[in-house]
Structures are given as C-alpha cells and as structure tokens.
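Worksheet for the structure shown next.
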2 protein chains.
Amino acid sequence: MNEIKVTPWEVKGNINYEKLIKEFGTEEVNDTLLKRIEKYTGELHFMLRRKVFFSHRDMHWLLDEYEKGNKFVIYTGRGPSGDMHIGHIVPLIFTKWLQEKFNAELYFQITDDEKFLFSKKENQTIEDVNKLAHDNLLDIIALGFKPKKTKIFIDTEYAKTLYKEAIKVAKHLTFSTAKATFGFTNESNVGQIFFTSMQSVPAFLPTIQKGKMTPVLIPCAVDQDPHFRITRDIASKLGYPKPAAIHSIFIPGLQHGGKMSTSEPNSTIFLKDTPKQVKDKINKQAFSGGRDTIEEHRRLGGNPDIDVSFQLLRIIFEPDDQKLQKIYDDYKSGKMLSGELKQICIEKINAFLEKHQEKREKAKDSIHDFLISD
Amino acid sequence: MNEIKVTPWEVKGNINYEKLIKEFGTEEVNDTLLKRIEKYTGELHFMLRRKVFFSHRDMHWLLDEYEKGNKFVIYTGRGPSGDMHIGHIVPLIFTKWLQEKFNAELYFQITDDEKFLFSKKENQTIEDVNKLAHDNLLDIIALGFKPKKTKIFIDTEYAKTLYKEAIKVAKHLTFSTAKATFGFTNESNVGQIFFTSMQSVPAFLPTIQKGKMTPVLIPCAVDQDPHFRITRDIASKLGYPKPAAIHSIFIPGLQHGGKMSTSEPNSTIFLKDTPKQVKDKINKQAFSGGRDTIEEHRRLGGNPDIDVSFQLLRIIFEPDDQKLQKIYDDYKSGKMLSGELKQICIEKINAFLEKHQEKREKAKDSIHDFLISD
C-alpha cells in the first residue's frame with residue numbers, strides 16, 4: 001500500500017476517497033442529501049449525480065437555514081501558482097451552478113500571498129505571483145459568475161480588510177495545531193504558518209460585513225479541507241457560524257492517477273492550450289484503458305474506469321448522462337477503440353476551450369465589475 | 001544571581017546593561033561615537049551624554065552615509081497596551097531631538113495587532129486595542145514631531161501596505177529562528193509567530209517608497225532589539241540596507257529596578273496622571289536611596305545611584321547637567337533629604353505633565369497632519 005498524503009500543498013499517492021471521508025471526518029454526499037438539494041434546485045448538476053462532489057460538512061444545517069429564509073453566501077478561491085488548468089475549474093463550474101440555482105452571493109479569494117510563501121522558485125517575487133493572480137482573474141471571470149453578486153479579491157490587495165480579521169483567527173490557533181494539521185516543521189517559514197488565518201477570513205466576512213449571522217458554503221477540492229477544519233474549530237470561539245463545505249475529487253493527471261498539477265505540463269490541459277496542444281497531449285500522454293492490440297480490444301473491451309480520457313468526460317466535459325453511458329458501454333464492450341474515445345475527448349475539450357478563450361478575452365472589459373480591493 | 005530575560009514582551013531580573021551589550025552583540029555608545037554625533041548636531045542630547053542611550057548597531061555606517069549626503073529616515077514605534085507612561089517616551093523624546101538635529105523624516109508604527117495577539121486579557125478585542133492606539137496617538141503627537149516630516153500609522157489601518165512587505169520578510173524567517181529569538185513554544189499562537197515580520201517592514205519602507213537605498217535609524221528601548229536583529233539578518237536577503245539602531249535603558253519601576261510597566265500602576269507614572277497622583281506615587285512608592293533616620297542621613301548621606309526619584313531626574317526630567325550634579329552631590333553628602341529630592345522630582349514631573357496634557361488636547365486638531373492609512 002502506498003502512503004497517501006492530502007494537504008493543500010501536497011497530494012501524494014492513489015487517493016481512496018472513501019477512506020479520505022473517514023480520515024478527514026467528513027460526511028458522504030448520499031442520495032438523501034442529493035434529493036434535498038434537488039428539491040430547491042429542480043435538477044441536479046452532473047457533478048452531483050456522478051459524485052464528483054463526494055463529501056461534505058454540514059450541508060443539512062445549511063439547507064435548514066436556507067429553508068428558514070437565511071440565505072447563504074458561497075465562498076471559494078484560487079491559489080495562483082501558474083496558468084490555470086482544467087482541474088482548477090471543477091469546483092468553479094459547480095460554484096457557478098450553485099450561484100445560479102440558489103441566487104447566492106459569491107466571495108472569491110485569490111491567495112497570491114499563499115502561493116508566494118509556499119513557492120519553491122527562488123527568484124519568484126510577490127509581484128510575479130500577483131501578476132499571475134491578475135491573469136487567473138480573467139479565467140475566473142470567463143466562467144460566467146454573476147457580476148452583481150460576485151466579489152473577487154486578491155489577498156495582498158485586500159489585506160487591510162483581511163489582516164485585521166486574520167489576527168482574530170490567529171490568536172486562537174497554536175503552532176502545535178497548525179503543525180498537526182498541515183505537517184509544518186521548525187523549518188517552515190512564519191508566513192506559511194500564519195497563512196491559514198487569511199484563508200479563514202472569507203468564511204466570516206459575510207457575517208461581519210452584513211452585520212448578521214450569514215451561513216457560508218465552501219465548494220472546493222478536498223485538499224483544501226484542512227484549512228476549513230481550522231476555520232470551523234475557531235468559528236464558534238469568535239461567535240461566527242461554522243461554514244458548510246462540499247468537496248470534489250481531483251482531476252487525474254493525464255499520465256497517472258493522483259492530481260493534475262501545473263508542475264507537470266505534459267500531464268495537464270491548461271485553459272490556454274491550443275487545439276493542437278490538446279490533441280497531442282490527449283493522444284500521446286493520456287493514460288488509456290485500452291488493450292495492447294486492436295484485435296484484443298475488440299475481443300475483450302477496454303476499461304473506462306481507469307481511462308483518463310473517459311474520466312475527463314465523466315468529471316467535466318460530458319454533462320449528458322446518456323451520452324456518457326453509451327461511451328462507457330461502447331468502450332467497455334470493445335465497440336469503441338481508444339483512439340475514438342480520445343477523439344471524442346479532444347473534441348469536447350477543444351470546444352470548451354475555444355469558447356472559454358473567447359470569454360477570457362471579453363473578461364478584460366469587466367474586471368471592475370468583479371474585483372474589489374481596499 | 002537572578003535570571004535575566006529581555007524580549008519585547010518580557011523583561012525580568014535586574015538588568016546589567018554592559019552584559020546585555022555582549023549578549024545581544026551590539027556596540028557600546030562610546031565617546032568616539034558621541035563626538036562624531038556632536039559634529040553634526042552641534043550639541044549632545046543629555047540622554048546621550050548620560051548614556052541613557054548606551055548601545056547601538058551600525059551608527060558609524062549611518063553617519064558615513066549621512067556624510068555622503070545620503071540622509072537617513074528615523075523609524076520608531078509604540079505598542080498600545082494601555083495608557084502611556086513616562087518610560088515609553090524616553091526613546092520618543094530622543095527621537096524628536098534626532099528629527100530636529102538631522103532634519104529627518106520619521107516613520108512611526110503603532111502595533112495594535114501585536115498588542116492584541118500578545119494580550120492576556122481574554123475579552124480584549126482588536127477593536128479595543130485599536131482604540132488604545134488612537135488614544136496613544138495623541139500622546140505621541142503631543143511630543144512635538146514635525147508634521148510635514150512624520151508619518152504615523154496603525155498596523156491594522158495600514159495593513160494593505162505592510163502585509164505585502166511582511167510576507168517577503170516572513171518567507172526568510174523560519175519558526176526555528178523565531179523560537180530561538182523570542183522564546184516561542186508550540187503553544188504560541190500563529191499570529192505572534194508571524195508578527196515580527198510586520199515590525200520589520202518600516203525599516204524597509206523608506207527604500208521601497210522612495211525607490212532608492214535609504215538608510216534607517218531605529219531609536220528604541222533595548223528590549224526591541226530582538227525584532228531588529230531579525231530585520232537586519234533578512235535585510236540583505238531582500239536587497240535593503242540593514243537599519244542602524246540606538247538603544248535606551250529602561251526607566252525603573254518606582255518600587256524596584258527592572259522596567260516600569262503598565263501592569264503595575266502603583267509603580268508607574270502615567271502621562272495622564274494628575275499632580276496629586278504623581279505626588280502620592282513618588283512620595284509613597286518611589287524607592288529611596290535615603291537612610292532610615294534623618295540623623296543617619298545627615299551623617300552618612302544618601303545613595304542617588306539607587307534612588308528612583310534621582311534616576312527619573314537623570315534619565316528624563318532634569319536636562320541640566322550642573323543642576324543634576326548638584327542634586328547628586330547634595331543628596332550623597334546628606335545635605336539634601338529624601339523628602340526634598342522627591343519634592344524636586346514631583347515638581348519636575350508635574351511641570352512636564354501639565355504642558356504635555358495641554359499639548360495632548362491640542363493634538364486632537366492635528367491628527368490628520370500625522371496619521372496615514374491605506
């Protein structure tokens with residue numbers, strides 16, 4: 001058995017998501033919860049139907065409050081470590097759906113401070129990371145959040161607001177707890193140790209800024225959960241409600257399981273990739289569940305469950321369950337070849353990216369509808 | 001031998017200042033340095049003549065730069081833990097003199113974040129500490145700094161500027177080093193561990209804001225030196241000049257040696273004290289170097305070196321060397337009684353406080369000439 005490690009800064013090993021639920025002490029997204037969500041939304045996002053969002057904290061409390069008329073605010077974020085890839089937008093696509101269905105306000109934090117403090121690139125300055133933040137901002141806006149209901153902020157530009165609240169969190173967090181939660185050592189820098197306090201703040205800002213108890217829902221990839229365990233522990237000490245959370249799995253890297261990562265460009269589809277880059281990466285790099293020969297494939301069938309192209313369709317690019325099922329069946333039976341599956345995946349990704357890149361260009365004109373600062 | 005401990009948050013034991021110079025690795029303020037300062041200022045402040053400022057770092061480098069025409073900025077500060085007392089203003093009175101003599105700009109940091117993070121008062125909020133900061137601000141302005149050459153800022157109100165620079169410092173500071181410097185433990189909160197990064201920033205701000213290498217001089221009580229050891233270590237890594245520093249001794253508490261402290265009101269003269277409070281405290285609490293009976297005092301003489309009233313005159317309230325010497329001689333010979341020495345001290349303090357309290361009232365009208373924020 002390989003060692004599994006899941007922190008906001010390191011995901012190692014082949015993740016067993018069921019085990020992670022037990023380890024993190026979260027709850028499974030089960031049919032009872034899905035039915036309850038469907039009651040308010042009228043339909044379920046395919047990421048819910050397919051358990052791409054597989055784990056949660058306190059969703060029932062959140063929906064109880066919603067039923068009482070106490071609307072929630074959504075809080076999510078992005079750590080600008082480089083160009084954004086398709087793995088980063090899984091929680092964001094779902095966040096957009098939540099915002100629409102619940103007509104919810106969204107607080108969006110871009111943590112340039114974090115990525116600077118944790119960067120191992122020796123010459124990377126905070127100014128460099130801040131530039132990445134502004135670049136990522138365009139991808140975020142391009143996803144289509146509601147301008148009047150969305151506040152996006154970059155930590156170093158909103159620090160007057162954030163720092164004052166962060167020190168309230170920090171006062172309740174010992175080095176000991178931070179160390180146990182994130183695996184810090186004596187050689188960790190003091191900014192890294194402090195940082196989680198900054199990530200807690202947007203969970204409390206709606207209550208602070210509205211002057212009334214406001215529930216918050218955090219959709220995020222499950223590796224962010226350690227931050228929000230701390231946020232939840234400290235919330236009650238500060239007199240704020242504990243934020244609810246709903247957690248997604250990771251998009252696998254093209255060449256392997258685990259988590260798609262900016263640091264492995266050959267294993268990653270970036271939002272800026274050209275159609276040719278996507279084609280080449282999927283064809284050459286995407287791990288295939290196919291057989292060694294066409295003859296064997298036709299006879300024995302492929303394995304969609306380990307095929308990365310199929311997983312990309314399942315997790316993000318093919319919302320239609322019937323179409324997805326047909327691909328699954330055809331691939332499994334051997335009717336569909338690996339090249340054909342890859343071709344479908346390439347077309348879907350490129351159709352998405354073409355539109356995204358157009359919207360990204362247009363986003364340049366609406367930055368001021370979204371970005372706030374001190 | 002009692003244990004000596006000197007950190008920004010704890011001063012314990014009877015301080016041996018000569019030993020502290022060795023322990024901290026600073027340099028003695030000697031006659032060579034004094035002569036050199038006198039060359040530029042025309043006269044020496046009595047706190048220099050009397051070695052109230054007894055220790056320094058890199059003053060010769062600072063004056064070398066000054067000779068080359070590279071003017072320095074002064075940086076000092078205040079931790080707003082409560083009402084200000086006479087011990088707090090020793091470095092500030094000297095700072096005012098430095099500002100005048102060198103026509104220097106002054107950056108003045110008020111660390112409400114620090115005092116909140118280190119406060120042991122369970123119900124004290126950052127908003128409470130921020131109020132103290134605004135109250136202390138009046139005492140600071142009352143000391144007479146030049147409005148056009150002085151920038152005062154309160155950390156939580158200037159955090160957008162400070163935090164972005166603080167994380168650059170933090171990235172070079174490990175928990176290990178912070179622990180060794182300040183005595184943190186695993187139970188220290190993560191805000192305390194991070195805080196020194198915020199206190200480093202004003203040492204670099206002049207260079208950042210002017211866009212050219214600007215020397216900085218930090219006049220402060222010697223217990224602040226641990227912060228600036230870290231600042232100096234990290235300065236070169238960030239490409240900034242190391243700040244010079246000049247360190248004062250502490251004003252002793254009335255009842256004992258050590259350091260006058262807000263937490264012992266009977267041992268402390270506050271800037272808001274009434275003439276009657278001052279009279280009562282000095283008469284009843286100030287440790288006396290006198291003899292048990294008047295007869296014995298006349299015959300054997302008193303000991304001004306351990307008499308707290310005399311020390312207050314020496315350190316802050318009697319600038320005239322001849323007058324001070326006469327008091328010293330008369331007390332030592334037995335000609336002056338303890339009650340008479342105390343009477344002089346009371347009159348001097350009350351004359352100072354009367355003027356100070358008037359200027360404090362007037363300061364309310366000039367806050368905006370001094371206070372900056374994001």
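For B:F72, the ring pair (Phe, Tyr, Trp, His ring centres under 6.0 Å) test picks out B:Y66, B:F102, with sequence neighbours left out.
Only the side chain of A:I126 comes within contact range of chain B, with at least one heavy atom under 4.5 Å from a heavy atom of that chain.
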Check every N and O of chain B against chain A and note each donor-acceptor pair under 3.5 Å, with its distance.
{"residue": "B:D113", "atom": "OD2", "partner": "A:Y163", "partner atom": "OH", "Å": "2.7"}
{"residue": "B:F116", "atom": "O", "partner": "A:K171", "partner atom": "NZ", "Å": "2.8"}
{"residue": "B:S119", "atom": "O", "partner": "A:K171", "partner atom": "NZ", "Å": "3.2"}
{"residue": "B:E127", "atom": "OE2", "partner": "A:K168", "partner atom": "NZ", "Å": "3.1"}
{"residue": "B:K160", "atom": "NZ", "partner": "A:D374", "partner atom": "O", "Å": "3.2"}
{"residue": "B:Y163", "atom": "OH", "partner": "A:D113", "partner atom": "OD2", "Å": "2.7"}
{"residue": "B:K168", "atom": "NZ", "partner": "A:E127", "partner atom": "OE2", "Å": "3.1"}
{"residue": "B:K171", "atom": "NZ", "partner": "A:F116", "partner atom": "O", "Å": "2.8"}
{"residue": "B:K171", "atom": "NZ", "partner": "A:S119", "partner atom": "O", "Å": "3.2"}
{"residue": "B:L173", "atom": "O", "partner": "A:V190", "partner atom": "N", "Å": "2.9"}
{"residue": "B:F175", "atom": "N", "partner": "A:N186", "partner atom": "O", "Å": "3.3"}
{"residue": "B:F175", "atom": "N", "partner": "A:S188", "partner atom": "O", "Å": "3.0"}
{"residue": "B:S176", "atom": "N", "partner": "A:N186", "partner atom": "O", "Å": "2.8"}
{"residue": "B:N186", "atom": "O", "partner": "A:F175", "partner atom": "N", "Å": "3.3"}
{"residue": "B:N186", "atom": "O", "partner": "A:S176", "partner atom": "N", "Å": "2.8"}
{"residue": "B:S188", "atom": "O", "partner": "A:F175", "partner atom": "N", "Å": "3.0"}
{"residue": "B:V190", "atom": "N", "partner": "A:L173", "partner atom": "O", "Å": "2.9"}
{"residue": "B:D374", "atom": "O", "partner": "A:K160", "partner atom": "NZ", "Å": "3.2"}

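Highest contact tally toward chain A, considering only B:L162, B:L173, B:V169, is held by B:L173 [criterion: heavy-atom pairs under 4.5 Å].
Taking the six-membered ring for Trp and the full ring otherwise, B:F184 and A:F175 have centroids separated by 6.0 Å or more.
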